[in-house]
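Owing to the predicted nature of the structure, the values given are computational and were not obtained by experimental measurement. When a ligand or atom number is given, it counts from 1 through the structure's own listing order.
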Amino acid sequence: MLTHLSELIADAKHSGYALGAFNVDNLETTVGVVRAAVQKKSPLIIQISERTIKYGGLKTMTAMIETMVRDEAGNIPIALHLDHGRSFRSIAECIAAGFSSIMVDNSDVPFKENVILTRQSVEYAHKKDVWVQGELGVVKGLEEATPEDREKFMTDPDEAKQFVDETEVDTLAVAVGNVHGIVKLKKGLPQLNLERLEQIHKAIPEVPLVLHGASGLQTDQVKATFEHGIVIVNLNTELKLEYSNSLRDTLIGHPEYFDIRDILTPPTDALQRVVEEKLMLFGSANRI
Ligand code: 13P
């Protein structure tokens, strides 16, 4: 059942586990994520990005996700979230479409501007009972993710406290050595700065923290973040890799396939298996 993120967070914090926030882009990836939630009896977050909205259309994507959750998920709570909302327009449209949480990503502008822009969205969203995730520090992506950059752009604990006080965001995405994208999988795995994460958590102990860029991180590193305030773990690239690798294998292995349903079933199943593994890792399996 579609559930407000606040309810999922309350249970995760109370029972001591983390929630997976999984990016979906189409019908099949949504099927994989929803079926994993049902199979593992796990709450989770389904998120879409502005690029996915451009690709699939907000109304179509939302109706598809809501219908599937209603029809297939039964009593498993699933929250709908906008990932990396950059324009106020898409934020407002997702709020109108019924999302219970949106991310306002102004992490690439100076601190003061980030506060003003994020605060604007918080005021708007809170009037409609929608939660807001802010980002402080910059979670770099792809080619920019040099070790020096990661150090330079890490979240500052004092700024995090000021940011939360001034914006009143409900959750906060932090930069502690994590990076988005697949380059890290080629270049070797990044090391998270757990000491920095601990300092941030101490500065804002009540605020659920969000770990972006979880693809390819070592499992013990991910687990260690749960001791220091991480309640949501975002996963995207690993899902896309699993899906596209399986799709490629299916097409190469079965040149006789022409029915789209035969072609897309193995990648959907492969994606579901990855999500199930993550739900076990995050400790959210068998909570319902
Ligand atoms: P990855 O693509 O590294 O899994 O990051 C996902 C993410 O943080 C989405 O916001």
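Here the side chain of Asn106 pairs no donor or acceptor atom with the backbone of Val109 at under 3.5 angstrom.
A salt bridge does not link Arg70 to Glu66: none of the charged nitrogens lies less than 4.0 Å from a carboxylate oxygen. Salt bridge annotation for Asp25-Arg51: absent, with no cationic side-chain nitrogen under 4.0 angstrom from a carboxylate oxygen. Between Glu123 and Lys127, none of the side-chain N atoms (NZ, or NE/NH1/NH2) sits under 4.0 Å from a carboxylate O, so this pair counts as no salt bridge.
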Go through it in stages, so that I can follow the logic: the residues are Tyr17 and Phe226, the test is ring pair (Phe, Tyr, Trp, His ring centres under 6.0 Å), and I'd like the CA-CA distance, side-chain angles, deciding distance and then a yes or no.
CA-CA 7 Å; Tyr17 61 89; Phe226 305 156; 9.5 Å; no

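In the vicinity of Thr237, heavy-atom distances shorter than 4.0 Å reach the ligand 1 atoms 1 (P), 2 (O), 3 (O), 4 (O). Short contacts between ligand 1 and Leu235, defined as distances under 4.0 Å to a heavy atom of the residue, involve ligand atoms 4 (O). Against a heavy-atom cut-off of under 4.0 Å, His84 is close to the following atoms of ligand 1: 10 (O).
At a heavy-atom cutoff of 4.0 Å, ligand 1 is contacted by the side chain of Asp83 but not by its backbone. Only side-chain heavy atoms of Asn23 come within less than 4.0 Å of ligand 1; its backbone N, CA, C and O stay farther off.
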